[in-house]
Every structure is written in structure tokens, then in C-alpha cells.
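Below: the structure, in C-alpha cells.
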Amino acid sequence: MPKSNRIIFHIDVNSAYLSWEAVYRLQHGSSVDLRTIPSVIGGDVTSRHGIVLAKSIPAKKYKIQTGETLYSARMKCPNLVVIPPRYYLYMQCSNEMVRILREYSPSIQRYSIDEVFMDFSNMEPHFGDPVKAAHEIKDRIRAELGFTVNIGISTNKLLAKMASEFEKPDKVHTLFPEEIPAKLWPLPVEELFMIGRATAPKLYKRGIFTVGQLAALDPNVLRQWLKSYGIMIWNFANGYEDSPVRDDGIPMKGLGNSNTLAFDVEDAQTAHRVLLSLTETTAMRLRDAKKCAGVVSVSMTDKDFHTYSHQGKLDVPTDCTDAIYQKARELFDEAWQGEPLRRMGIRLTQLCSNDFFQLSFFVKNTEKHRALDAAVDKIRLKYGSRAIFRSSFLYSGISPCMGGVLEEEDYPMMSSIL
DNA sequence: TCTGGGGTCCTAGGACCC
DNA sequence: TCTGGGGTCCTAGGACCC
């Protein structure tokens with residue numbers, strides 16, 4: 001595929017969660033459009049999930065930022081409307097958008113729930129000029145689904161993504177290579193993809209404040225300073241990037257669940273129950289993906305927000321809830337220092353196919369465990385995650401299946417490799 | 001009760017082998 | 001018995017993304 005004349009679109013939903021919630025409510029009889037008042041999607045403060053997940057444009061005018069605490073957001077705007085998130089609804093909205101996009105190209109990569117890359121190369125004969133086609137797509141999404149998107153157009157994914165970040169909402173922008181000096185280089189350096197809150201201050205200290213200044217540096221100096229990361233950001237600052245639009249789905253490397261608890265965990269028994277709860281949802285997702293895991297890792301965040309983790313290999317890759325839980329508990333007991341924990345997590349990596357299960361001879365009662373897991377999964381899928389649970393969760397105050405959205409399908413998530 | 005949850009990738013250091 | 005060096009695997013932690 002000749003990459004020099006590729007045409008790539010990046011489609012980005014404006015204030016995704018908030019827009020989707022607003023549309024849903026309008027369609028279900030609400031008279032207010034959340035997008036027109038100071039409002040945010042945010043978690044439940046009493047269970048310590050109190051941060052802003054998405055904000056309306058009027059809320060932005062109060063300087064409310066994504067990720068800040070609801071406490072702080074309400075200080076800035078006392079009559080702020082706060083709506084709890086409904087991830088399953090957002091997933092459906094995302095799917096509807098992708099359904100429209102597929103009419104314009106078979107080559108589509110879902111980068112996250114609200115961002116999509118589309119390869120529009122060689123599509124001009126069918127849909128005309130890319131800018132005109134992008135307007136058509138954007139207007140169709142607004143007319144048919146009720147929410148707005150920005151579309152960025154360029155010759156690679158990086159530039160298309162940067163272009164979609166320009167003026168919002170409901171806009172189409174181009175950022176072709178010849179437009180880089182005028183449109184990309186004047187931007188503050190922290191707006192470049194992959195420059196976050198740790199790297200930006202380092203660059204400031206060296207007098208680098210714009211993308212253009214970064215682009216003008218000697219890449220060898222950056223390599224010495226920041227290793228391969230230095231080369232990557234220098235390439236990005238110059239608009240160099242050539243990864244394909246991955247329409248085949250990116251193989252999953254790992255999966256996990258973690259949860260901030262409503263109260264600090266201070267005893268091992270409670271910690272073990274939390275771990276089991278997290279394992280139930282994670283292992284079910286693993287089985288749903290038809291994978292086995294070779295490595296289990298547990299993570300802990302103490303009340304002062306210090307996070308640490310401990311991982312270990314399973315003797316045999318498995319998808320069995322009990323086997324994973326046994327390992328997780330062992331790892332936890334080795335690592336936990338006894339301090340109060342605010343948050344716990346489990347993550348499974350080293351995934352392999354569960355097709356053969358050829359190593360099962362070494363594990364006792366494998367068939368029974370697999371049959372049990374399968375039966376429980378079936379009941380939970382049909383009747384919900386609370387339809388069946390272990391008796392140890394009764395009166396424990398701990399949810400038997402923590403994290404995850406059970407009805408939600410797994411799809412490839414974003415990665416730093418575009 | 002002021003700070004979520006899902007990911008990927010890279011690096012450094014230690015163990016171990018040849 | 002002194003001093004190497006390369007390669008791979010494993011683990012913990014930290015960077016980034018949405």
C-alpha cells in the first residue's frame with residue numbers, strides 16, 4: 001500500500017459521554033439538553049468515585065476539567081448538574097456511529113469508545129473529495145444519531161488525530177504535511193500526542209514550549225536524553241508516522257479489573273473477598289474472549305495513593321476463576337504490608353488461546369471447574385451479574401462481581417502505537 | 001469523605017545460561 | 001580461580017492514551 005498518498009480520517013465524538021447522555025434524555029422526553037447547561041458525567045462521591053468523566057461546553061466555561069474532583073467542580077459552579085455514567089448506553093451509541101462509518105470505508109479502527117480511524121484512500125471515486133465526504137459523514141451522524149463529531153483529515157493517523165483536536169464542536173479540519181508549519185508547529189508542546197504531564201515540564205525546563213521548537217531539535221540529542229521516547233515525539237512533532245489503520249482488530253495483550261473501594265480495606269479477609277470479586281468479573285471476561293492467562297498480577301493503592309503491584313506466573317495457563325483466585329491471593333499475601341488499602345486490582349496477561357487446553361492433565365478437577373464456570377457465566381449473561389454469587393459475599397458489604405460492564409462487548413482498546 | 005478505570009509500551013535491574 | 005560478555009526471561013514501576 002503506497003503510504004505517500006493515503007487519506008486518513010480521525011472521527012472524534014464531541015464530549016462523548018455527555019453528548020450521548022444528552023441525546024438519550026432528549027429522546028426519552030427530557031426538556032433540557034445537558035449540552036446547553038453546566039453539566040458533567042461523574043461518579044458517586046459517597047463511594048469515592050467522585051471525579052468528572054466528561055463536561056458540557058457551558059461547564060468548561062467555569063474552568064471545570066475532565067478528571068478533577070466533583071468537589072472541586074462544584075466549588076467552581078455550585079449549581080452544576082451531575083449525571084452518573086451508563087457505559088452500556090455509550091457502547092451502543094459508539095456502535096451506531098461505527099455502523100454509519102462502515103458505509104464509507106471497510107478499513108476502520110476503533111481506537112476507543114469515542115474515537116475511530118478510517119482509511120479513506122482510493123475512496124474519492126465513490127464519495128468525492130475527502131473534505132466534502134467528511135462533511136457528509138459528520139452531518140449524517142448529527143442528523144441520524146443526534147450528536148456531533150469532529151473529523152480530522154490527513155495522510156497519516158497522527159496528523160488526522162491532531163487535526164480533529166482543532167476547533168470544536170461539529171467541525172472538519174485538515175492537517176496535510178504542507179500545513180504543518182502553520183497549523184501544528186505553533187501549538188503548545190503539551191498538545192502533541194504522547195506528551196503528557198511528566199514530559200511537558202521537562203521540555204519547558206529546556207526552553208521548549210511549542211511543537212515547532214521540538215521539531216527543530218537535533219533528534220540525536222533527544223535520543224540521548226529520552227531514549228526511544230525522544231525519537232518518537234520528535235517524529236510526531238514533524239508529522240512523521242506511518243502505522244496502518246488496523247481494521248483486523250488488535251490482539252488483546254491483557255485484561256483486568258480494578259476498583260476504588262467505598263471504604264479502606266484493613267484486614268486480610270476483606271481483602272481476599274475483594275480480590276475474589278475482582279477475579280470473578282475478570283475471569284469471566286477472559287473466558288468470553290476464549291483465552292487463558294499465564295500471568296496474574298495484583299495491584300494495591302494505599303490511602304495515600306501510593307500504588308504498587310506484584311505479579312507471578314501460573315504453573316499452567318488457565319481461565320478458571322478458582323485457579324486465578326488462588327494465585328491472586330498468594331500474590332496479595334506476599335505483597336501486602338498491612339496498610340489500609342483504598343483501591344485493589346487484578347490483571348491477567350500472557351494470554352493464549354483456550355482452544356486445546358492440552359495442559360489440563362496437571363490440574364485436578366479441571367473438567368468440573370470448567371463446567372461450573374461455564375454454567376455461572378451463562379446464568380450471569382442471561383439474568384445479570386447478581387443472579388448468582390458465592391455465599392461468602394452475603395452480608396459482606398462487598399459486591400460479588402466488581403468492575404466491568406457485563407453486557408459490554410470487549411473490543412480492542414487504544415494503545416500508544418497508533 | 002477530595003483524587004476512576006480501562007488499556008499499551010518502555011526501561012532498569014537481577015537471575016540465569018552459554 | 002580471575003574476570004568477561006551476550007542473550008533471554010522475569011519483575012516492578014512509570015510513562016502515555018481515552
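These figures come from a predicted structure and were not determined experimentally.
Residue-level contact check: A:Y308 touches the backbone only, with heavy atoms under 4.0 Å from sugar-phosphate atoms and none from bases. Within the nucleic acid shown, A:S297 has no heavy atom closer than 4.0 Å to any nucleic acid atom. Heavy atoms of A:S72 sit nowhere under 4.0 angstrom from any nucleic acid atom. When heavy atoms are screened at a 4.0 angstrom cut-off, A:G50 is found touching the sugar-phosphate backbone but no base atom. Counting any heavy atom pair closer than 4.0 Å across all strands shown, A:R342 reaches sugar-phosphate atoms only and no base atom. In this structure, A:G345 reaches neither bases nor backbone, as no heavy-atom distance under 4.0 Å exists between it and the strands shown. Note on A:L53: a base of the nucleic acid sits closer than 4.0 angstrom, heavy atoms only. Residue A:G67 is out of contact with every strand shown, counting any heavy-atom pair closer than 4.0 Å. Note on A:E68: nothing from the nucleic acid sits closer than 4.0 angstrom, heavy atoms only. The residue A:A200 sits apart from the nucleic acid: no heavy atom pair falls under 4.0 Å.
A:D373 and A:R287 are joined by a salt bridge, as a carboxylate oxygen and a charged side-chain nitrogen come within less than 4.0 angstrom of each other. We find that A:D264 and A:R48 are joined by a salt bridge, their nearest charged nitrogen and carboxylate oxygen being less than 4.0 Å apart. At a threshold of 4.0 Å, the pair A:E103-A:R140 counts as salt-bridged, since one of the basic side-chain nitrogens sits closer than that to a carboxylate oxygen. A salt bridge links A:D139 and A:R142; the closest N-O separation between the charged side-chain nitrogens and carboxylate oxygens is under 4.0 Å. Here A:E21 pairs with A:R25 in a salt bridge; the nearest charged N to carboxylate O distance falls below 4.0 Å.
With a 4.5 Å cut-off on side-chain heavy atoms, A:D170 and A:V149 do not count as touching.
Between A:N259 and the phosphate of B:dG4, there is no side-chain N or O to OP1/OP2 separation shorter than 4.0 Å. Between A:T260 and B:dG5 there is a side-chain N or O to OP1 or OP2 distance below 4.0 Å.
In this structure, A:I41 atom CD1 and C:dC18 atom C1' are separated by 16 Å, rounded to whole Å. Atom NE2 of A:H306 and atom C1' of B:dT3 are 16 Å apart (whole Å). Between the CD1 atom of A:I233 and the P atom of B:dC10 there is a distance of 14 Å, rounded to whole Å. Between A:E115 atom CD and B:dG6 atom P the separation is 19 Å, expressed in whole Å. The CZ atom of A:R74 sits 11 Å away from the P atom of B:dC2 (whole-angstrom rounding). Computed from coordinates, the A:M91 CE to B:dG6 P distance equals 15 Å when rounded to whole Å. In this structure, A:N257 atom CG and B:dG6 atom C1' are separated by 9 Å, rounded to whole Å. The separation between A:H49 atom NE2 and B:dT3 atom P is 10 Å, rounded to whole Å.
Under the 3.5 Å distance criterion, with hydrogens and angles disregarded, a donor-acceptor pair is assigned to the side chains of A:K55 and A:T66.
Nearest-nucleotide assignment on DNA chain B puts the 5′-proximal partner with A:T69, out of A:S228 and A:T69. When the nearest nucleotides of DNA chain B are assigned to A:K253 and A:L261 by heavy-atom distance, the more 5′-ward of the two goes with A:L261.
Listed nucleotides: B:dC2, C:dC18, B:dT8. Nearest to the side chain of A:R347: B:dT8. Checked against B:dA12, B:dG4, B:dC2, the side chain of A:F305 finds its nearest nucleotide in B:dG4.
Taking the six-membered ring for Trp and the full ring otherwise, A:Y17 and A:Y87 have centroids separated by under 6.0 Å. Aromatic ring centres of A:H310 and A:Y308 lie farther apart than the 6.0 Å criterion allows. In this structure, A:F209 has its ring center under 6.0 Å from that of A:Y204.
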So which protein nitrogen or oxygen atoms get under 3.5 Å of nucleotides 13-17 of chain B's nitrogens or oxygens?
none

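For DNA chain C, the stems formed by at least three consecutive Watson-Crick or G-U pairs, with both atom-pair distances below 3.5 Å, span B:5-18 with C:5-18.
Separating the C1' atom of B:dC17 from that of C:dG4 is a span of 14 Å, rounded to the nearest Å.
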With a 3.5 Å cut-off and sequence neighbours excluded, list the donor-acceptor pairs that the side chains of residues 73-82 of chain A form with protein atoms.
unit_1	atom_1	unit_2	atom_2	d
A:K76	NZ	A:K63	O	2.9
A:K76	NZ	A:E68	OE1	3.1
A:K76	NZ	A:E68	OE2	3.1

